[in-house]
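Working notes for the structure below.
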Amino acid sequence: MKLSKSAKDQWYTIESIEHQNEDLVSRFQKLGIFPGAQIMLKRKAPLFKDPLLFLVNDSLIALTKSEAACVEIRG
Amino acid sequence: MSLIALVGLPNSGKSSLFNSLTKSKQRVANFPGITVEKRMGEFSFQDEKVDIVDLPGIYTLDVSTLDEKVTRDYIFEKIKDEKADIFTLVVDATNLKKSLYLALQLKEIGQPFVMAMNMMDQAQERGLKLDLEKLSEALGGVKIVPTVAVKNEGTSNLVQTIIEESKKQNHAAIDLPKHFQRQIKESDYIKEKFATIEKILSDVTIEKIQADSFTEKLDSIVLHPLLGPFILLAILVTMFQLLFTWSDPFMGMIEGGFESLAGLIDGLLTDGLFKSLLIDGVIAGVGGILVFLPHIVFLFVIIYFLEDFGYLGRVAFLLDFTMRKLGLPGKAVVPLLSSHACAIPGIMSARIIENHFQRMTTMMVAPLTACSARLPVYTLIIGIIIPNEQVLGFLGLPGLVLFALYTFGIASAFIISFIAKKSMTPTSPSYLLMELPPYRIPKMTTVLKNSLLKGWIFVKKAGTVILVLSVIIWGLVTFPKAPADADKPAIHYSYAASIGKTFEPIFTPLGFDWKITTALIPSFGAREVLVSAMGTVYAVDGDDTENEGFLKNLSSIMSSQYSLATLLALLVWFIFSPQCISTIAVLKKETNGYKMPLVYVVYSFALAYIFALVTFLIFS
């Protein structure tokens, strides 16, 4: 399942990050988003429900919906 | 002499530590060849002079932004700068995992460091208990000093440790493991490192840290689906209001100061060229810009406060979707809003945007928003062409037109950025992908100190350019002198008038005569000067532009001399035209070159010309 489709306040494990852009992948990784890490959707931005706010490795990380769609997760 | 280099994650408290240690002796310079700022300072410790440099925050040695590259290049000695023998890794005790990741990487490349375990008070409040000795062992004997930088606790112990440790080191070049740069990008490497960190943490943690309930609670209000946008709007409006009310008395003082200085010189020197140069050139030019210094300082007080508090990231989060559709990131709302006070701090604050293309776009469109120096020009022309009538019984028509001009300014900024986004391929894709820091109460002295430093940078860097250009403009208006039997105001005989007459044919299609084009020249020094320059050209009695009689006289002359179409075209010209020389000087400084200022001048001139022409043709 894609991270952008995750349910609120529920822990998921990151499976993989699918993107051709190496730079984006390495940005994900340095914020603690990499295969094996635990991630939880905390909030959605008002009005458009985009961007999304996640809790990962004790930090709050904001991602746009399309950025979150690059991350494959399992419940 | 010792040198301390601070490294660490963004928001780990490096800057607080830097400020606690250096007190007042700080300076800011750019890293050689690039626009990234480095902060340096010095202090004495047990009669020894210690230099300190604060490096931009990094998460890992696998860097992506310009700021982060600076830190990596400093570590790998690619920057020709004196390098510290031993680093000081500043760690946020409330969020250890990612800091330890950087610590492990520094170990891996053989970079010796001392660890400042910062924000210990907050971590303890939230119940964290660590075995620091065990942690030090796990990191191969790295010295760890607990600190609370904002309260200056543990800092002298830290400095002592750094100095002792650096005396043990002999400076050796970093031994970079083969394939390191490629390896640190691989997910297996990262996985393994984080597994190591989990193991270390479970070994050294005596009591686990509680969740940050303050941030959680505040976010549930600030990012609330309904309340959130209203709170944002309220904060932005308040910020804009404060900017004006706080700055006002200081602007008055600066104005008053320059007036008294001019008065003093007036009394001391006999009438002549030198006196005119000092009063009409230097003081009028530099004073006209320094008057905006309070705007710059207070804007940065507000920005740094919101940033240190943790709200700026939330602004980006709230507005990202909408602003992105218009080709700008959420954070661009700060530079765009502050440009309404003055484009200079607006352009300077565009630094908060990481993406190069978006930062450039923001700086290019920021001057389109109506700055406060344009207000006198707008007021003059509106006073001439718009009858003072009420609409719907309570709304003044002039006020409505003024509001429309402001709206027109911000709308055109968005349209241009939208066109830029659609027509140009950005060199680097833009991401949101950011960490929202936990909320923290900022230390006001730090906020104020950093803002004053920003103001000083402006005075120093832009000030010299402005001084030179002010003198040139003065020269154009003053020379050659009027003949003894002159029957017209002196400006009629000047180079400015010759230039005005030379360029008149270019501006004739817009309905401008040579008198307007002549007055446009000094208005490049400061926008509002157009009003007094028009007064000079028409030799209107009384040179006090605040004087109602002066404005009334000028208005009646202009309304008899110019058609509605010309005046409207002039209004439109002022919305788009290249703004004051200080704006251009600051663009040059912030982009580190002549290309962007040149692009700005050409594009804004073209826009102004086309729109003024269309306006003139429609109304004549």
Side-chain angles (χ1 to χ4, degrees), chain A residues 2-4 6 8-11 13-74, chain B residues 9 11 58-65 68 94-98 101-102 184-191 193-195 197 209 211-212 215-216 219-220 223-230 232 310 313-314 316-322 324-325 330 428-438:
Chain A
K2 285 185 181 357
L3 182 61
S4 49
S6 60
K8 253 185 176 175
D9 297 316
Q10 199 177 318
W11 284 109
T13 307
I14 295 168
E15 293 248 279
S16 62
I17 297 161
E18 313 283 339
H19 205 274
Q20 298 94 320
N21 189 335
E22 241 184 58
D23 183 41
L24 183 69
V25 176
S26 89
R27 277 167 193 260
F28 269 121
Q29 290 176 342
K30 77 179 182 191
L31 291 171
I33 299 174
F34 54 83
Q38 301 287 304
I39 193 162
M40 179 199 273
L41 175 63
K42 294 292 291 179
R43 287 173 210 291
K44 295 176 178 179
L47 302 174
F48 304 101
K49 311 271 173 250
D50 187 4
L52 307 167
L53 190 61
F54 295 95
L55 184 65
V56 60
N57 273 321
D58 300 332
S59 305
L60 292 168
I61 307 291
L63 300 178
T64 61
K65 231 179 212 170
S66 64
E67 284 162 0
C70 309
V71 181
E72 205 51 50
I73 50 167
R74 80 185 126 82
Chain B
L9 267 57
N11 285 305
I58 51 168
Y59 288 95
T60 130
L61 294 177
D62 177 24
V63 300
S64 24
T65 69
E68 294 172 347
T94 66
N95 191 343
L96 278 173
K97 269 187 207 168
K98 276 184 287 180
Y101 186 73
L102 184 57
I184 55 173
K185 286 186 196 295
E186 286 166 6
S187 56
D188 284 344
Y189 167 91
I190 298 164
K191 236 176 175 168
K193 280 281 173 297
F194 271 95
I197 292 166
I209 193 162
D212 184 356
T215 297
E216 176 81 38
D219 267 347
S220 68
L223 301 180
H224 186 274
L226 291 172
L227 282 179
F230 282 104
L232 173 68
R314 270 81 184 171
F317 182 73
L318 287 167
L319 289 175
D320 194 78
F321 187 86
T322 321
R324 197 172 288 271
K325 292 272 173 271
S428 54
S430 87
Y431 310 115
L432 173 65
L433 195 68
M434 60 183 287
E435 179 171 359
L436 297 191

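In what follows, chains carry the letters A, B, and so on, assigned in the order in which the sequence lines appear, proteins first and then strands, with residues in each chain numbered from 1.
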| Any side-chain donor near an acceptor of the partner, B/Asp320 and A/Thr64, under 3.5 Å | no
If one checks every heavy atom of B/Phe194 against chain A at 4.5 Å, the contacting part turns out to be side chain
Any A/Leu53 side-chain heavy atom under 4.5 Å of B/Phe317 side chain: yes
| Pairwise side-chain contact, B/Asp219 with A/Leu60, heavy-atom cut-off 4.5 Å (strictly under) | yes
Counting heavy-atom pairs under 4.5 Å with chain A, the top scorer among B/Thr94, B/Leu436, B/Leu318, B/Ile184 is B/Leu436
* To do: Compare all side-chain heavy atoms of B/Lys97 with those of A/Val56 and state whether any distance is below 4.5 angstrom.
  => no
When the 4.5 angstrom heavy-atom criterion is applied to A/Phe54 and chain B, the contacting part is neither
| Side-chain (A/Glu67) to main-chain (B/Leu432) donor-acceptor, under 3.5 angstrom | yes
Honestly, the part of A/Lys42 sitting under 4.5 Å from a heavy atom of chain B is side chain
Bottom line for A/Leu52: the part with an atom under 4.5 Å from chain B's heavy atoms is backbone
Under 4.5 Å to a heavy atom of chain A? For B/Asp188 that would be neither
Of B/Ala211, B/Ser220, B/Gly313, B/Pro438, the largest count of non-hydrogen pairs under 4.5 angstrom with chain A goes to B/Ser220
